[in-house]
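Report on the following structure.
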Amino acid sequence: MSRIGVFICHCGENIAGTVDVAAVTKAALDMPGVVHAVDYKYMCSDPGQTMLKDAIVEKKLDGVVVAACSPRMHEPTFRRTAEEGGINPYQCEMANIREHCSWVHEKGAATTAKAIDLVRFQVEKVKRDHPLVPIRVPITKKALVLGGGIAGIQAALDIANAGSPVLLVEKSPSIGGHMSQLSETFPTLDCSQCILTPRMVEVARHPLITLYTYSELEKLDGFIGNFKATIRKKARKIDEKLCNGCGVCQQKCPVKKIPDEFNEGLSNRAAIYVPFPQAVPNKPVIDLANCTYYKTGKCKACEKLCPTKAIRFDQEDQIEVHDVGAVVLATGFKTMPVNNFSEYGYGKYKDVIDGMKFERLASASGPTGGAMKRPSDGKTPQHVVFIACAGSRDRLKGVPYCSKICCMYTAKHAMLYQHKVHGGQATVFYMDVRAAGKNYDEFVRRAVEEDGVKYVRGRVSRVYEDDGQLVVKGVDTLLGAEPVEIRADMVVLATAVQAQNDAEELAQTLHVAYDPYKFFAEAHPKLRPVETNTAGIFLAGACQAPRDIPETVAQASGAAVKVAGLFSQPELTREPIIAVVDRQPPPVFSHCVGCFLCKAACPYQAIEEEQIKNRNGDVLKVVARVNPGLCQGCGTCVSTCRTKAIDLQGFSNEQVFAELMSI
Amino acid sequence: MAEQFEPKITAFVCNWCTYAGADLTGTSRIKYQSNVRVIRLPCTGRIDFMMVLTAFSRGSDGVIISGCHPNDCHYTSGNYHARRRWMVFRDLLDFVGIDLRRVTFSWVSAAEGAKWAELVNEATNNVRALGPYKEIQQLAAAGID
Amino acid sequence: MSSHHESSSAHPSLAARLEKEGEVSVADCYQCGKCTAGCPAAEEMDVAPSQVLRLLQTETPKHEDRALKSLSIWMCIGCETCVTRCPQEVDLPRAMDFLRQEALARNVANQDADDVVAFHKAFLNSVERAGRLFELGMVGEYKLRTGHFFKDMGIAPTMFFKGKLGLFPHGGANKREVADIFARARAVKKESKV
Amino acid sequence: MTDVRVGYYPGCSLQGSSRDFAESLHAVAKALSIDLVEIPEWNCCGASSGHMLDHLLSVALPVNVLLKAKKAGLPQVMAPCAACYNRLATASHEIATSPATKAQVESVLQTSIDKLPRVLNVIELLAQVSERIAPKVTKKFEQTVACYYGCLLVRPAKVTGFDRTEDPVEMDKLVAAVGGKTIDWNFKTECCGASFSISRSSVVGRLGARIMQDAVKRQAEAIVVACPMCHSNLDLRRGEINQQLEHKTDIPVLFITQVIGLALGLPKKKLGLGRHFVPVKFPPRPLAPPAVQ
Ligand SMILES: Cc1cc2nc3c(=O)[nH]c(=O)nc-3n(C[C@H](O)[C@H](O)[C@H](O)COP(=O)(O)OP(=O)(O)OC[C@H]3O[C@@H](n4cnc5c(N)ncnc54)[C@H](O)[C@@H]3O)c2cc1C
Ligand SMILES: Cc1cc2nc3c(=O)[nH]c(=O)nc-3n(C[C@H](O)[C@H](O)[C@H](O)COP(=O)(O)OP(=O)(O)OC[C@H]3O[C@@H](n4cnc5c(N)ncnc54)[C@H](O)[C@@H]3O)c2cc1C
Ligand code: SF4
Ligand code: SF4
Ligand code: SF4
Ligand code: SF4
Ligand code: SF4
Ligand code: SF4
Ligand code: SF4
Ligand code: SF4
């Protein structure tokens, strides 16, 4: 037995000037189930709301319809009022007789008739409203940050400084990412390690940050506020607690000729090694593929000589499972390998290098101590050619997008070169200079105007070697496409920024979307740039798209604020507009037949398979179950289900069809 | 002058784009014909075939289905599902003998107030020209739903 | 007034026709010049290969004319270096073929390329007559067309004595069939024009 | 050893100016048990003149050849001339990718076209039987040579799908298989002027000079080619080339089939070695390494 009250708002003249509100009120009173109907000048005003509350009590109403403006405007207001009046807020509906009626139609009988119809729809709907409670989900206030580049470091520090514990998981033996390899950074030319190292140390010392280096995420289950992360700690073969980072092992290890990853192969390292002197943690790792002991069973020199007896040849990978409430993805990027450039020699010329190698050559902490020496013979190159857009904006190479950072770092490289080699000449082949940031274009102009870097507009077609020099065949399109041939001592390719090799796999592990180039996709390109479509998983840095450091840091702090905001709530409450699969007493259990069409249709992976078991644990039936933490209430599943076993609260089949039946 | 036939149009719209777009038509005070009745749904993905049939059998002479533009769906891919189903829909509607000229599919975003008004006017005029949808109502009376 | 980037709709621009008939999208070229930088024939050209495309991109008769009358389109060897490296995958050699054919059709081919045109014509004529190339016959026709009679006298006798220059056309091909192919190709092309 | 049966498309120049290529090809094929089945009544592919002057013919003529091969029951066709190979492969590619062209060609040839035979170049064919070569070597080919692929063997990649576009190695492997050394050089695929041989021999001279210069500088004793046009541009046109060079060169230009033929001990006459413009001879080799000075 419904007792519905209908409240018709005049909205001053806004509604009453066009719609005959008295007629609507009268019509409402005739609708089955309506026991009370009034019209009033301003329903949203204090007296209006008080009137609604009082009526609920006095008339013992169990549902109300407010015919006024758009629900997108005042639905929360009237639902709160209804709750104060003593009914469930979800038993209050609004009929939009302003935006959808009085404001868009002429005054007259037809418009009033429409208003009456709109009221009738909502009366039919409200009669079938069930009391709903907002969904409350607990939150584990601990964050997982994946990737320890500048993005991950910044996000971890910001979240920890806001008071929540963080697990920082880094794949390689040290945090720092690409930034730790950089020499100086645009647009200020400050030394990269000088600004990064203190942050790395801060991460290591922060009481709320637990660092997992040389570790990977194996699995992520659960949903926002309630994830379960499975982390694999790969065996370093070192007891980290005992090791004091003295470095004796790497000095004494007989295997010495392994190309050093940190120096981009420009120097060598041992089989047991700390990636670079400022590494965090400053603990070595044994490279199993190259250690003599693991290859032949003989050696163990490191074990014998380690003063703290920290070497553990029998150490195994460890698996840990942690509860976390939010995840920040900060796994960064890679650059296109130089052997992708067939026209520039497939990477076979030693003096055709990429930007990252140049960073190591230019770095004071690099293999040459910052002196410009070319890799082939250590000579100082007198003419260096830089090739911008190497692989970027190149459909043929599968990268049609602009890599965004290379115009700037190429200008930086050319400038650093001119500073280091007096009398040398840097020439940059470019297509456009994209320097759209604060002080960026000024930086590029400085390279040209003050440091004498020559910019030639055009792409290079081929690089080959002749008499120990590199011949660069390019073109100057500003001279009417005149071919230009330069004999250079070194060529630097500004190689395209690409997603990490394992990005697709990781995206699938985390159920986040990715673009055609395997960069992780943001929830909205403009308004939700640090969120993914999966609630509780956020993005920072170059794993989303090519980014420089300022942008990376800004985005990391943005992601951290989203996490902190989430963690500041006592628990998650969400509108209960979600799907549910019906449950029936045995032996039916549910009308669901387990076809899982709904599961395939759901854009949020919110539908799970649930086994209904008897006391012996035998599976009696497999049915669908909606995870309320993941469901966003789109209703796609409902229209997919043939047995109507799944329904959407607040927009149920019963309600929608009742509206339709009253047309 | 004989009284002009006034069709009944039922519109299924999503909450995030088209409903909001229609609100904007209101705040911009753009006038359109009053024949349309809006059924608000969270997403076009929520619409099912039976809803459209019911609308017709209950006396609608035309139906509008409108949601977010592709790629703009509030629910990521909801409207893709809807679109894919529309193809099937069309065939089904055709199969049960619904006159497809009476069904208008469109996209109206929250910023397209004027487009909503045009859409309603166009659909209303088209259906008005087609006349009342007697066939389906007769069938309905005979009990197809 | 010169109307840059404008063409009358009555005559579709060369770029539009290339897109349709030649399946080359001139608009895709972003003028990076990589094609020109690697082109072995660029030195012999009056308009660089990338600039030929630029002329077409304007879609104005004035610039299209310059492309059609250029020496470049005849100097292109068809070596495919450019398309192999073009970041936008623009099939420039195909565009060159199209322009050559259009220049001949409009009778505006560059006179400095008469010898090149003559060579290709002589070649095809020889094939049309015999089904296969008759080198000596072709060279003879070429020399008659161009007057470059004594140019290769230096190597011809050597070729002859080394058995590299046949005095008679080769048999073996189905002459009729090949002549028919030439004839029908002309007919099909005519048809597709109307 | 079972015979490898393959459709053979000689193309016009192998019948004419490049008889040496034809002779050596047949001799080597016989030695390696390759059965070259000449396509009956084959016609000219139109060569560069075809595609330059008449696009439709440039597809129709080669497709006509391929249809004849198909009719003769030949699933693959080998064209020794790189230019013919390129025309055949390009035509095949166009039929597969452009329905409009396919329809036009069908009406020119008055037949419908479906799957066409696979098109091979001579290197691909020899690579298929490469393991047969080494055991038959009677006299190692001990020269150091520059393998010159030219442009049309490898380009464009999406049409030929053969080897590494900018730095092919398949011919180098064949030379190595008969004991030869190959140099790593820069002009493996740089164009030699191709069909400009007659109409613009100056172009050929300029382009050929750069090619020869790099090869000679890197101590090549000969150039090895797999294309009659490359051969005539570098051999017949040596006069024009030398005019552009400071240091004239007389290193010979051999077809890959001649190199293999020599190593297999086939008589020089059968390999057409006497027909070259630049005589095929190599400087005598010291028996022991030269004394250190
Ligand atoms: C040659 C060059 C020069 C540059 N110069 C400048 C400059 O001067 N100024 C400037 O502002 N920017 C510069 N940049 C850009 C700068 O390097 C990036 O903006 C920055 O490194 C992005 O940081 P990130 O943390 O997002 O990614 P990264 O630095 O790539 O860090 C990602 C981290 O995640 C780890 N990781 C990857 N996958 C996983 C996984 N599955 N699980 C766990 N961990 C994982 C990686 O090991 C790495 O430590 C330059 C870039 C290049 C290539
Ligand atoms: C022609 C044009 C087209 C554009 N198109 C795009 C586009 O397509 N896509 C895109 O991403 N971006 C676009 N942009 C950029 C976009 O407009 C800006 O990125 C964005 O508006 C910046 O937002 P904001 O809040 O920082 O600044 P603003 O939009 O400028 O907002 C600042 C606000 O602060 C108020 N204010 C100012 N001073 C005070 C004060 N002292 N006290 C209190 N309030 C104050 C102002 O009144 C204003 O409301 C475009 C910009 C232009 C000019
Ligand atoms: S020698 Fe021992 S303590 Fe020193 S760095 Fe190596 S493992 Fe650590
Ligand atoms: S055991 Fe391995 S890591 Fe240790 S010193 Fe020997 S080679 Fe080096
Ligand atoms: S940032 Fe500059 S160099 Fe890099 S891809 Fe974009 S335009 Fe090219
Ligand atoms: S100022 Fe504006 S238009 Fe000019 S380069 Fe910068 S972003 Fe482009
Ligand atoms: S579509 Fe319906 S029946 Fe099928 S699994 Fe989902 S809820 Fe169950
Ligand atoms: S309502 Fe939407 S989000 Fe929720 S379970 Fe159904 S399809 Fe998934
Ligand atoms: S390489 Fe391609 S994109 Fe660049 S100028 Fe040439 S045709 Fe245009
Ligand atoms: S095909 Fe023509 S334009 Fe292209 S590189 Fe070769 S000669 Fe130059």
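A salt bridge links C/Glu128 with C/Arg186: at least one charged nitrogen is closer than 4.0 Å to a carboxylate oxygen. With respect to the salt-bridge test (charged N to carboxylate O, under 4.0 angstrom), the residues C/Asp65 and C/Lys62 do not qualify.
Proximity to chain C (any heavy atom under 4.5 Å) is restricted, for D/Leu207, to the side chain, taken from C-beta onward. For chain C, the nearby part of D/Asn64 is the side chain; its heavy atoms alone come within less than 4.5 Å. The parts of C/Met75 that come within reach of chain D are both its backbone and its side chain, each placing non-hydrogen atoms under 4.5 angstrom from that chain. Within the 4.5 angstrom heavy-atom criterion, only side-chain atoms of C/Leu104, from C-beta onward, approach chain D. Interface residue C/Ala41: only backbone heavy atoms are found under 4.5 Å from chain D. For C/Phe98, no part lies under 4.5 angstrom from a heavy atom of chain D.
Relative ring orientation between D/Phe255 and D/His231 is described as parallel, the plane-to-plane angle staying below 30° on a 0-90° scale split at 30° and 60°.
Put simply, of D/Gly272, D/Cys192, D/Ser58, D/Ser107, the one with the most heavy-atom pairs under 4.5 Å next to chain C is D/Ser107. Note: D/Ser98 leads D/Gly239, D/Ala83, D/Ser98 in heavy-atom pairs under 4.5 Å with chain C. For chain D, the option among C/Arg94, C/Glu23, C/Glu44, C/Glu43 with the highest count of heavy-atom pairs below 4.5 Å is C/Arg94. Contact tally against chain C (heavy-atom pairs below 4.5 Å) for D/Val108, D/Val159, D/Leu152, D/Thr101: the top residue is D/Val108.
Only one option out of D/Glu23, D/His276, D/Lys268 pairs with D/Gln258 in a side-chain hydrogen bond (donor to acceptor under 3.5 Å, both in side chains); it is D/His276. Evaluated for a side chain to side chain contact (heavy atoms under 4.5 Å, CB included) with D/Lys188, the options D/Ile211, D/Asp167, D/Leu153 yield exactly one hit, D/Asp167.
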Criterion salt bridge (charged side-chain N to carboxylate O under 4.0 Å, His left out) on C/Glu177 and D/Lys68, from CA distance to verdict: CA-CA 12 Å; C/Glu177 182 191 62; D/Lys68 283 180 188 296; 2.8 Å; yes
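For the atom pair C/Leu92 CG and C/Ser50 OG, the distance stands at 8.5 Å (nearest 0.5 Å).
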